[in-house]
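One structure below.
Just so we're on the same page: letters track the sequence lines, and every chain starts at 1.
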Protein chains: 2
Amino acid sequence: MGSPLPRDPIADAQRNWERHGWGEVAAPMAAITAIMRTQQILLARIEGVLKPFGLTFARYELLALLSFARSGALPMNKASALLQVHPTSVTNAVDRLEKAALVVRSPHPTDGRTTLIELTAEGRTLAKRATAALNSEVFGQSGFGDDDVEHLIRVLGDFRKAAGDFAD
Amino acid sequence: MGSPLPRDPIADAQRNWERHGWGEVAAPMAAITAIMRTQQILLARIEGVLKPFGLTFARYELLALLSFARSGALPMNKASALLQVHPTSVTNAVDRLEKAALVVRSPHPTDGRTTLIELTAEGRTLAKRATAALNSEVFGQSGFGDDDVEHLIRVLGDFRKAAGDFAD
DNA sequence: GCAATATACTAGGACATCCAAGGGTTTGGA
DNA sequence: TCCAAACCCTTGGATGTCCTAGTATATTGC
């Protein structure tokens, strides 16, 4: 999008916050802004790796989730809950994955309200290949040190739990 | 969107990664996924606080940026660079802010290609009020401990720098 | 057993982000 | 001087996310 800035814009924002008398919350503001920006960078990397496979991150996440399900199938509402996105987002992703013949919708055997998403053979193969690519090109070169990774997992895990993501 | 899950879905994903022989990258995968999810939670909180002001986070960021500029005005390309978003995203935000009379577009005095975004009096007032709300309702209650905030700022700062965000 | 409530998925709409292309303005080298 | 290359902003299109209904199916309670 652009060349590197001369100075860190988030550090500048933090200084601005302090200068305006909001020093009390300047650091958390900076941390939160940094999380937003980091997510943006990571998402761009991931999408770049997935593009050759004709996948987006949202669709990949669904494929990966299905590939770990015993039967290779999950109800849409389960997928929505596990991926922690709105049900309509799952509908959207399934529509596109189904057009690409990577999944199929099938009726739930006992509950007429529920629709099952099933991985096709192609879907399973593509999920494997895409995962290998992400592992080697993104997760394997995250740029985070081992200690930092552990720290992030712990701190963000606590945050997500406090936010009500899971009971554990 | 839903009630808490019985177990942490990201920890489950990490276990799945390990079970499939990708233990080497399971932890970074979990950390990255946690960052994505945390961003989603934080964005939802922020948008919730800004909604009463008729603002979204993208528009708020632009207003805040302008409010810190000496003259209360910035060229669009500068705003795009500092906010680290695509120029078309700035165009979009300015269109809406201008409709709301919070900013105005004006021609650059010496460069005919450039458009300046200028804060209106209303825009400046709203930015102040929205910032106060975010400070007290989000940044002041982030849920991150002081040490964790410092750690996040450092680790994510290093990451952003390595990603080419800034030279410093 | 049947009506009221809850649950599951989808359709339509509002926003944001990015990319690709197009039209206008500046700059720089031949 | 002048034209090509670089730069700036906007338009149009593709995706994703969420929200608000609306339809269909299950469950519950009387």
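Protein chain A contacts DNA chain D over a range whose 5' and 3' limits, counting nucleotides with an atom under 4.0 angstrom from a non-hydrogen atom, are D/dT15 to D/dA26.
Residue A/Asn77 has no polar side-chain atom (N or O) positioned under 4.0 Å from OP1 or OP2 of C/dT7. At least one side-chain nitrogen or oxygen of A/Arg105 sits closer than 4.0 Å to the OP1 or OP2 atom of C/dT10. When the side-chain nitrogen and oxygen atoms of A/Gln40 are compared with OP1 and OP2 of C/dC18, one or more of them lie within a distance under 4.0 Å.
A/Ser142 places no side-chain N or O within donor-acceptor distance of the main-chain N or O of A/Val138, the cut-off being under 3.5 Å.
Atom NE2 in A/His86 sits roughly 13 Å away from atom C1' in C/dA11 (whole-Å rounding). Atom CG of A/Leu42 is separated from atom C1' of C/dT17 by 16 Å (rounded to the nearest Å). Per the geometry, CG belonging to A/Leu62 stands 15 Å off C1' belonging to C/dC9, to the nearest Å. To the nearest angstrom, C1' of C/dT10 lies 14 Å from CZ of A/Arg96. For B/Leu83 and C/dT17, the CG to C1' distance is 13 Å, given to the nearest whole Å.
Side-chain contact between A/Lys128 and A/Thr125: absent, with no pair of heavy atoms (C-beta onward) separated by less than 4.5 Å. Between A/Phe57 and A/Glu61 there is a side-chain heavy-atom pair separated by less than 4.5 Å. Residues A/Asp148 and B/Asp158 fail the side-chain proximity criterion, which asks for heavy atoms closer than 4.5 Å.
Relative ring orientation between B/Trp17 and A/Phe139 is described as perpendicular, the plane-to-plane angle rising above 60° on a 0-90° scale split at 30° and 60°. A parallel orientation is assigned to the rings of B/Phe159 and A/Phe144, their planes being inclined by less than 30° (bins at 30° and 60°).
The listed nucleotides are C/dC9, C/dA20, C/dA6; the one nearest the side chain of A/Arg113 is C/dA6.
Within the 4.0 angstrom heavy-atom criterion, only backbone atoms of the sugar-phosphate kind lie near B/Thr114; the bases stay farther away. Using a 4.0 Å heavy-atom distance criterion, A/Asp111 is classed as a sugar-phosphate-only contact.
Listed in residue order, the members of residues 44-57 of chain B having a heavy atom less than 4.0 Å from DNA chain D come to none.
Taking each heavy atom of A/Arg105 and A/Met76 in turn, the nearest pair found is NH1-SD, 3.9 Å.
In A/Lys78, the NZ atom is not crowded: 12 or fewer heavy atoms of neighbouring residues, nucleotides or ligands sit closer than 6.0 Å.
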